[in-house]
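Note: hydrogens, waters and symmetry copies are ignored here, and every other heavy atom, side chains too, is used. Quantities reported herein were computed from a predicted structural model and do not represent experimental measurements.
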Amino acid sequence: MKFDILTIFPEFFESPFSLGLFNKAREKGIVQLDAHDIRDYAEDKHRTVDDAPYGGGGGMLMKPGPLGRAIENVKEKSSNSIVILTTPAGEIFTDQTARELSEFDQLIIICGRYEGIDERVREIYVDREISIGDFVLSGGEHAAAVIVDSVSRFLPGFLGNVTSSECDSFKDSILEYPQYTRPEEYMGKKIPEVLLSGNHKDIDEWRRRESVKRTY
């Protein structure tokens, strides 16, 4: 999958995706991430990407010209592509959203800034608007990083264990069960006996009950 991030701070994405599972997947060619500076698509010498809103009001808006050119430049016409805008007004991002987005070949994610973007860009280019929660961030870069990380986990070959994403929290809308590792006793607390029984049917039933209990 190809992730194309449109931002005024492309350097933001250098560190989070230069390590761990994502970096390994990138080396294997499973994912590709490119952060594009929207300022590169401005046409004035000051590389201006924002302006005051018509009708007055506080703050600035992202201009339609640079943003529209950026989208058109990175969008692969023959690809199964989708344009996403990170915005507090969007649908709340969920595990199901990540699964749906993992079916695309290219995700173009616009990192909102200032007071938002010109409405015409939204109407012409944006396919889906996404929020990662009911709170305000200084920009959409954090939200974009969350989307990329979550979607990537559903790509074939991304995780070392193919069943990992199927066992994670929110599968079937319930949270993951409690998990334990060695030692068997820690600070007076022992792991549940059923996990030592070797009876996989009992273990599966226990895990299901605990998942439901934790979700409730």
Before giving the answer on side chain to side chain contact (heavy atoms under 4.5 Å, CB included), spell out for Leu6 and Asp37 the whole-Å C-alpha distance, their side-chain angles and the decisive distance to 0.1 Å. CA-CA 6 Å; Leu6 305 183; Asp37 191 342; over 6 Å; no
Do side-chain atoms of Arg128 reach the backbone of Ile82 as a donor and acceptor pair under 3.5 angstrom? no
Ignoring hydrogens and angles, tell me if any N or O in the side chain of Ser18 forms a donor-acceptor pair with the backbone of Asn23 under 3.5 Å. no
Using the rule that two of Ile, Leu, Val, Met, Phe, Trp, Tyr join whenever any of their side-chain heavy atoms come within less than 4.5 Å, decide whether Ile203 and Ile174 are in one cluster. no
Is a side-chain donor or acceptor of Asp105 paired with a backbone partner of Met1 at a separation under 3.5 angstrom? no
Enclosure of Asp44 CG (heavy-atom neighbours >12, cutoff 6.0 Å): yes
Using the rule given for side chain to side chain contact (heavy atoms under 4.5 Å, CB included), can you reason through Leu33 versus Val148, listing the C-alpha separation, both sets of side-chain angles and the distance that settles it, and then say yes or no? CA-CA 9 Å; Leu33 186 145; Val148 170; 3.9 Å; yes
So do the side chains of Lys2 and Glu76 get within less than 4.5 Å of each other, counting heavy atoms only? yes
Give the cluster check for Val146 versus Phe135: same hydrophobic cluster or not, with ILVMFWY residues linked at side-chain heavy-atom distances below 4.5 Å. yes
Residue pair Leu67 / Tyr41, side-chain heavy-atom distance below 4.5 Å: no
For Gly59 and Pro53, the nearest pair of non-hydrogen atoms, with its separation, is O-CD, 3.3 Å
Check step by step if salt bridge (Lys or Arg N to Asp or Glu O under 4.0 Å) holds for Asp149 and Arg153. CA-CA 7 Å; Asp149 186 88; Arg153 295 176 58 82; 5.7 Å; no
Distance (rounded to the nearest 0.5 Å) between Ser152 OG and Leu21 CG: 9.5 Å
For Arg47, does the CZ atom sit with more than 12 other heavy atoms under 6.0 Å from it, leaving out its own atoms? yes
Hey, does the side chain of Thr48 reach the backbone of Asp50 with a donor-acceptor pair shorter than 3.5 angstrom? no
Can a salt bridge be assigned to the pair Asp204 and Arg208 using a cut-off of 4.0 Å between side-chain N and carboxylate O? no
Please determine whether ring-ring contact (aromatic ring centres under 6.0 Å, His included) holds for the pair His142 and Phe12, giving the CA-CA distance in whole Å, both sets of side-chain angles, and the decisive distance to 0.1 Å. CA-CA 9 Å; His142 294 85; Phe12 175 93; 4.9 Å; yes
Other residues, nucleotides, ligands: >12 heavy atoms within 6.0 Å of Glu43 CD: no
How far does OG1 of Thr181 sit from CG of Leu195, to the nearest 0.5 angstrom? 11.0 Å
Is the closest side-chain heavy-atom distance between Tyr216 and Lys213 below 4.5 Å? no
Within 6.0 Å of CD in Glu100, more than 12 heavy atoms from elsewhere: yes
Could you state the interatomic distance from CD1 (Ile130) to OG1 (Thr97), rounded to the nearest 0.5 Å? 6.0 Å
With salt bridge (Lys or Arg N to Asp or Glu O under 4.0 Å) as the test, would you mind laying out the steps for Glu205 and Lys201 before giving the verdict? CA-CA 6 Å; Glu205 290 178 354; Lys201 182 175 182 296; 2.7 Å; yes
Which pair of heavy atoms, one from Tyr125 and one from Gly68, lies closest together, and at what distance? CE1-CA, 3.7 Å
What verdict does the salt bridge (Lys or Arg N to Asp or Glu O under 4.0 Å) test give for Glu210 and Arg207, after you've listed the backbone C-alpha separation in whole Å, the side-chain angles of each residue and the deciding distance to 0.1 Å? CA-CA 5 Å; Glu210 291 300 314; Arg207 286 174 170 172; over 6 Å; no
Working to the nearest 0.5 Å, report the span between CG of Leu155 and CG of Leu101. 10.5 Å
With side chain to side chain donor-acceptor pair (under 3.5 Å) as the criterion, how do Gln106 and Asn80 come out once you've worked through the C-alpha distance, each side chain's angles and the decisive distance to 0.1 Å? CA-CA 6 Å; Gln106 181 191 27; Asn80 181 23; over 6 Å; no
Do Arg26 and Ile30 touch side chain to side chain, with heavy atoms closer than 4.5 Å? no
Validation row: Val151, Phe104 side chains within 4.5 angstrom (heavy atoms): no
Side-chain heavy atoms nearer than 4.5 Å, only ILVMFWY residues, links allowed to pass through others: does that put Leu61 and Ile124 together? no
Assess the residue pair Ile84 and Asp127 against the criterion (side chain to side chain contact (heavy atoms under 4.5 Å, CB included)); give the C-alpha distance rounded to whole Å, side-chain angles, the decisive distance to 0.1 Å, and a yes or no. CA-CA 6 Å; Ile84 296 168; Asp127 299 307; over 6 Å; no
Between atom CZ of Phe22 and atom CZ of Phe13, what is the distance when rounded to the nearest 0.5 Å? 10.5 Å
Kindly work out whether a path of hydrophobic side-chain contacts (I/L/V/M/F/W/Y, heavy atoms less than 4.5 Å apart) joins Val212 to Leu175. no
Arg69 side chain vs Pro64 backbone, donor-acceptor pair below 3.5 Å: no
Could you tell me whether Glu119 atom CD has more than 12 heavy atoms of other residues or ligands within 6.0 Å of it? yes
Student check: side-chain heavy atoms of Ile191 and Leu196 closer than 4.5 Å: yes
Does some side-chain heavy atom of Met62 sit less than 4.5 Å from a side-chain heavy atom of Ile38? yes
When you measure from the side chain of Ser211 to the backbone N and O of Tyr177, does any donor-acceptor pair fall under 3.5 Å? yes
So how far is it from Ile117 CD1 to Thr86 OG1, rounded to the nearest 0.5 Å? 9.0 Å
Answer yes or no: are there more than 12 heavy-atom neighbours, outside Tyr180 itself, under 6.0 Å from its atom OH? yes
Taking it one step at a time, do Phe93 and Ile147 satisfy side chain to side chain contact (heavy atoms under 4.5 Å, CB included)? CA-CA 8 Å; Phe93 186 70; Ile147 294 169; 4.1 Å; yes
Considering all heavy atoms of both residues, which atom of Cys111 and which atom of Ala144 are nearest to each other, and what is their separation? SG-CB, 3.8 Å
Testing the basics here: between Gly90 and Ser131, what is the closest heavy-atom pair and its distance to 0.1 Å? O-CB, 3.7 Å
Under a 3.5 Å cutoff, is there a donor and acceptor pairing between the side chains of Glu129 and Thr87? no
When you compare the side chain of Arg214 with that of Pro178, does any pair of heavy atoms fall below 4.5 Å? yes
Examine distances only and state if a side-chain atom of Arg113 and a backbone atom of Ser138 form a donor-acceptor pair shorter than 3.5 Å. yes
